[in-house]
Amino acid sequence: MPKMGLKNLFFFKTSPSPLPPSFPPTRTFSDSLMDENIETARAIISKWELISPSDQTAPLFSNTRQEAKQYLNAVMSLQSTMQRLVALDSSSDTLVQAHFLMQLAMKRLQTEFYRILAQNRDNLHPESVTSTDHRSSSVSDDGTNFSDDEFRFAGDSISTVAMVDLKAIAECMVSAGYSKECIKTYILTRKSMVDEALYHFGVERLSFSQVQKMDWKVLESKIKSWLSAVKFAIRTLFHGERTLCDYVFGSPERKIAESCFAAVCREGAESLFAFPEKVAKCKKTLEKMFRTLDLYEAISDNRLQIESIFSSESTSSIRSQVDVSQARLGEAVRTMLVDFEAAIQKESSKIPVPGGGIHPLTRYVMNYIEFLADYRDCVAEIVADWPQNSLPESYYCSPDREGMNRSAEIAERMAWLILVLLCKLDGKAELYKEVALSYLFLANNMQYVVVKVRNSKNLGFIVGEDWLTKHELKVKEYVCKYERVGWSKVFLSLPENPTAEQARAIYECLDAEFHETCKAQSSWIVPDRKLREEMKDSIASKLVPRYREFFGKYRVGLGTDFGLTPDDLEHNLSDILSGSVSSSHTPSPPHRFKRP
């Protein structure tokens with residue numbers, strides 16, 4: 001970034017020349033007072049006259065401020081004198097000489113203004129401006145009194161004095177009619193600092209074509225940089241720059257401060273806030289959902305501060321860009337939500353999950369929905385008033401349905417997506433040849449869904465306890481059906497109140513059915529440990545006590561033919577539903593779908 005030299009900042013047409021001759025003797029008291037003001041101004045202005053823009057004389061505003069105060073007072077008195085002279089005779093030689101002195105003074109003040117800005121870049125960094133909020137008056141080492149407003153900007157005494165000096169010079173130059181020169185100097189110096197700060201945080205001026213062609217990993221890295229940059233830019237950089245402009249140019253005419261701030265920050269701010277729009281316009285894929293929501297959330301969370309900082313008419317283009325970017329991001333999220341639902345419905349795998357375990361689709365969809373729930377406020381805002389398929393009241397009825405506020409809308413949206421998944425799983429269950437295994441599959445996947453919802457603070461809160469209770473009962477219903485179908489032959493082989501004559505036949509039937517069932521279900525699995533233990537306990541409670549009673553009553557008559565003892569039965573039951581296929585056989589969703 002090119003450095004701003006002094007020679008690029010001056011607008012004055014005059015070149016250094018000898019001061020004009022002394023004025024003629026005064027004739028009236030008023031003339032004498034004006035001449036005295038001019039002579040006082042001549043003395044101090046000539047002392048600090050610049051020979052050239054690169055003049056290396058000592059700064060006027062350094063160490064003690066006494067002479068700087070005298071200089072400013074002399075300039076202000078000269079300005080008052082010139083106004084009186086204009087009223088008396090606008091073509092007088094005295095006015096010409098006074099104007100010449102004023103030009104020399106303005107050149108000196110412009111140089112001082114630039115020097116203070118350039119030498120105090122670190123002290124006048126927006127972070128130092130905004131990081132303090134002192135509200136008591138202070139006195140500098142040279143006895144200068146600072147007001148509350150002057151002192152509150154200072155991170156230390158250097159930035160305090162610099163702020164006060166800048167404000168004093170700006171007021172003097174604006175009052176003298178040289179606001180253009182003062183503002184141009186300020187804008188060129190401060191804009192370069194703002195641009196450098198944004199560049200340091202990775203903010204680049206990228207075209208849509210450049211963004212569109214980026215590999216997702218590269219673009220994701222740019223988004224991460226943007227998320228860090230926007231926090232700094234809003235809370236520190238732009239806020240500090242607005243504070244600085246308001247202080248230096250805030251009085252008497254606020255429009256100068258607003259136009260100055262706009263000129264310093266507009267280009268950087270528009271570039272910063274245009275990036276999300278470009279991301280939103282790129283091709284939509286499900287893996288981009290959560291970074292898109294991050295961008296939306298960053299704008300939404302800082303919206304009030306953005307509107308406060310860029311509240312003037314001169315910064316309306318920045319507010320418009322923020323509006324467009326947020327709207328585009330919302331449209332992108334809605335598109336991806338539609339694509340997500342369609343992806344669930346179009347999933348077409350025809351191979352049943354071994355052992356009736358958790359289907360990859362279940363893991364993927366529930367992880368995705370869980371992460372969506374973490375953005376519930378943003379998603380609720382995005383889908384507000386967006387058409388939603390009606391849910392059967394028997395499946396889900398939001399407690400806020402009548403009012404249909406945002407909470408109810410997001411709840412129904414999440415419940416609908418889960419319902420789409422569950423309907424798809426019903427179809428997957430039909431792929432199993434064994435009816436009992438299809439029910440085990442449904443129990444496993446419903447249990448996964450319920451546990452995922454209950455363990456997710458946000459998702460559980462969104463869909464509510466009634467939804468959870470209904471689906472927990474659904475798990476029990478599937479378990480009961482699995483047990484009834486899968487173990488009915490074993491249960492029926494052990495009738496109540498058998499006779500001694502029936503004992504051998506009953507034992508042989510039970511032994512055969514039990515081993516056949518265990519063999520058939522040897523690879524079946526229940527990944528959820530709690531559910532697995534509950535199912536084993538339920539089967540054992542229906543079988544072991546009755547068999548123990550039967551064994552105790554008829555074992556003597558059967559003798560050594562009793563190969564299956566109650567302990568053997570209980571031990572074998574403890575091994576069921578663990579499967580030869582490990583619970584990790586079904587893959588987790590790809591890493592890219594995990595929330596960053």
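Proximity of Ile358 to Asp528: side-chain heavy atoms (C-beta onward) are nowhere separated by under 4.5 Å. At a threshold of 4.5 Å between non-hydrogen side-chain atoms, the residues His239 and Ile234 do not count as touching. In this structure the side chain of Ile369 reaches within 4.5 angstrom of the side chain of Phe340, judged on heavy atoms. Counting heavy atoms from C-beta outward, Lys283 and Gln212 have side chains that stay 4.5 Å or more apart.
Although no hydrogens or angles enter the test, the distance criterion places a donor-acceptor pair under 3.5 Å between the side chain of Asn444 and the main chain of Ile525. Looking only at distances, no side-chain donor or acceptor of Arg328 sits under 3.5 Å from a matching main-chain atom of Lys281.
Remark: the Glu483 side chain and the Tyr478 side chain contain no N/O donor-acceptor pair separated by less than 3.5 Å. Defined by atom type and a distance below 3.5 Å, a donor-acceptor pair is present between the side-chain atoms of Ser538 and Lys542. No side-chain N or O of Trp386 forms a donor-acceptor pair with one of Glu409 less than 3.5 Å apart. Using modelled atom types and a 3.5 Å distance limit, the side chains of Gln321 and Ser317 yield no donor-acceptor pair. Inspection of the Lys231 and Asn302 side chains reveals no N or O donor paired with an N or O acceptor under 3.5 Å. There is no side-chain donor-acceptor pair under 3.5 Å between Ser207 and Ser209. Looking at Thr565 and Asp568, their side chains do bring a donor and an acceptor atom within 3.5 Å of each other. Inspection of the His571 and Asp567 side chains reveals no N or O donor paired with an N or O acceptor under 3.5 Å. Side-chain atoms of Asp294 and Tyr375 include a donor-acceptor pair closer than 3.5 Å. One side chain, Ser349 or Glu347, offers a donor N or O that lies under 3.5 Å from an acceptor on the other.
Atom CZ of Phe208 sits in a crowded spot, with more than 12 heavy atoms from other residues, nucleotides or ligands closer than 6.0 Å. Other residues, nucleotides and ligands contribute more than 12 heavy atoms inside 6.0 Å of the CD atom of Gln305.
Between Phe290 and Tyr296, the gap from one ring centroid to the other reaches at least 6.0 Å. Separation of the Phe310 and Phe261 ring centroids falls under the 6.0 Å cut-off.
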*Check the pair Tyr364 / Ile344 against side chain to side chain contact (heavy atoms under 4.5 Å, CB included), numbers first and verdict last.*
CA-CA 10 Å; Tyr364 162 61; Ile344 301 171; 5.7 Å; no

_Derivation and outcome, side-chain hydrogen bond (donor to acceptor under 3.5 Å, both in side chains), residues Trp524 and Glu434_ = CA-CA 11 Å; Trp524 296 11; Glu434 301 92 342; 5.1 Å; no

*salt bridge (charged side-chain N to carboxylate O under 4.0 Å, His left out) between Lys481 and Glu477, intermediate numbers included*: CA-CA 6 Å; Lys481 289 180 178 180; Glu477 179 185 331; 3.2 Å; yes

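Checking each of Glu465, Lys470, His471 against Trp467 for a side-chain contact (heavy atoms from CB on, under 4.5 Å) leaves exactly one that passes, namely His471.
Looking at Glu370 and Lys452, a side-chain N of the basic residue comes within less than 4.0 Å of a carboxylate O on the acidic one, giving a salt bridge.
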